[in-house]
Amino acid sequence: VMGPRVLVLDEPTAELDPAGTTAVTELLDSLAAAGTTIVCVEQDRAVLDRCDRVVTLDAGRIVDAPTPRPRAAPVAWTVGSGRPGVSVAIVGLGHRYPGGLEALRDVTREVGRGESVAIVGANGSGKTTLAKHLVGLLRPSTGVVRFDGVATEGRTVGELAQTVGFAFQDPGDQLFERSVAREVAFGPRQLGRSPSETSAAVEAALALTGLGSERDTNPYDLARPIRK
């Protein structure tokens, strides 16, 4: 609804019940079908089986893993912005934290437009570190990340947000407004959308997620799965 052409998610089905997990997988299917490029850190087989490819990290490096079965046909969600998706290229990416921990080592992969790719691996293997590089929350120690051939180097998180949406594993890391409607409106406002465009995006998002009746609710008064 908000129009990101690349969507990066950090374990979006964590703590969700089976119905919620199904809703997420069906929505991701339809986003991919509409042309959104999806990179998803995940452990749940229900999500992995719906992805085009699975990339496995081990100690900060990519290791070979089988590709899951083809995704099921998408359901009839009304999603997407009508804008074309973008390709993602990760080339020789390495990251070392200030304390000296080398979290990523020479990670190289490409994700095509409209492709859905899952990133899997044990805790501490570098999954979230990799995901945060795609939206500029972390910067490479070595290597480069490119969207449609344009490097993220020198571009702010705000500039990248015009193209890349990011969903944190813990909703508490990104929810801070005093109502659901204000929370949903924050992103479009920061992207410079007009008041009418922002209002339309908010209404569409609330309708899509079934949260119209909660528009005036404080996000922290919602159950944790709903906050996600």
Side-chain angles (χ1 to χ4, degrees), residues 1-32 34 36-48 50-51 74-75 77-81 116 118-120 123-124 127-138 157-158 160-191 193 197-228:
V1 171
M2 298 303 174
R5 292 181 285 171
V6 178
L7 187 59
V8 182
L9 305 104
D10 192 356
E11 298 199 18
T13 63
E15 300 184 46
L16 294 185
D17 60 18
T21 297
T22 298
V24 169
T25 59
E26 290 175 344
L27 178 57
L28 293 180
D29 272 347
S30 290
L31 285 167
T36 301
T37 305
I38 296 174
V39 180
C40 180
V41 173
E42 191 52 82
Q43 310 288 346
D44 194 322
R45 188 69 194 186
V47 177
L48 302 182
R50 306 291 281 260
C51 291
V75 296
W77 287 80
T78 302
V79 297
S81 63
S116 177
I119 302 172
V120 301
N123 290 344
K127 304 185 299 298
T128 295
T129 298
L130 174 57
K132 287 183 175 181
H133 278 79
L134 301 183
V135 72
L137 293 174
L138 290 176
V157 173
L160 291 172
Q162 300 278 351
T163 299
V164 188
F166 189 88
F168 287 86
Q169 181 178 350
D170 184 350
D173 289 339
Q174 63 187 128
L175 299 179
F176 51 85
E177 287 283 7
R178 60 179 179 266
S179 74
V180 169
R182 288 175 61 89
E183 190 69 62
V184 177
F186 179 82
R189 288 201 308 267
Q190 298 308 304
L191 294 176
R193 305 281 178 86
E197 289 174 326
T198 297
S199 178
V202 169
E203 295 307 317
L206 294 178
L208 180 65
T209 56
L211 289 175
S213 63
E214 304 286 359
R215 61 181 305 112
D216 297 322
T217 302
N218 188 301
Y220 283 92
D221 289 333
L222 299 173
R224 183 179 173 86
I226 302 301
R227 294 203 302 273
K228 287 182 70 71

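Values in this document were obtained by computation on a predicted structure and should not be read as measured data.
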Task: CZ on Phe186 to CD on Gln174, rounded to 0.5 Å - done: 10.5 Å
TODO: List the atom of Pro219, the atom of Leu175, and the distance in Å for their closest heavy-atom pair.
DONE: CB-CD1, 4.2 Å
TODO: Give, for atom CG of Leu9 and atom CD of Gln169, the distance between the pair rounded to the nearest 0.5 Å.
DONE: 11.5 Å
Task: side-chain contact (heavy atoms from CB on, under 4.5 Å) assessment of Leu31 paired with Ile38 - done: CA-CA 8 Å; Leu31 285 167; Ile38 296 174; 4.0 Å; yes
Task: Pairwise distance CG(Asp44) to CD(Glu11) - rounded to 0.5 angstrom - done: 9.5 Å
TODO: Nearest 0.5 Å please: distance from the CZ atom of Arg227 over to the CD atom of Glu214.
DONE: 12.5 Å
TODO: Verify the neighbour count for atom CG of Asn123: are there more than 12 heavy atoms of other residues, nucleotides or ligands below 6.0 Å?
DONE: no
Open item on the list: Return the CG to SG distance between Leu28 and Cys51, rounded to the nearest 0.5 Å.
Closed with: 7.5 Å
Open item on the list: Checking side chain to side chain contact (heavy atoms under 4.5 Å, CB included) between Leu134 and each of Val39, Val6, Thr37, Leu7, which is the one that passes?
Closed with: Val39
Task: Thr22 backbone acceptor or donor facing Thr25 side chain under 3.5 Å - done: yes
Open item on the list: Under the side chain to side chain contact (heavy atoms under 4.5 Å, CB included) test against Cys40, which residue among Val47, Leu48, Val24 passes?
Closed with: Val47
Task: Closest heavy-atom pair and its distance - Ala46, Thr21 - done: CB-CG2, 4.0 Å
Task: Closest approach of Phe168 to Lys132 (non-hydrogen atoms, all atoms of both residues) - done: CE2-CE, 4.4 Å
Open item on the list: Test your reading of the model: is there a side-chain donor-acceptor pair from Glu183 to the backbone of Phe176, 3.5 Å cut-off?
Closed with: yes
TODO: State the CD1-CG distance between Ile119 and Leu130, to the nearest 0.5 angstrom.
DONE: 4.5 Å
- [ ] Specify the closest pair of heavy atoms between Pro188 and Ala185, including all atoms of both residues, with the distance to one decimal.
- [x] CD-O, 3.3 Å
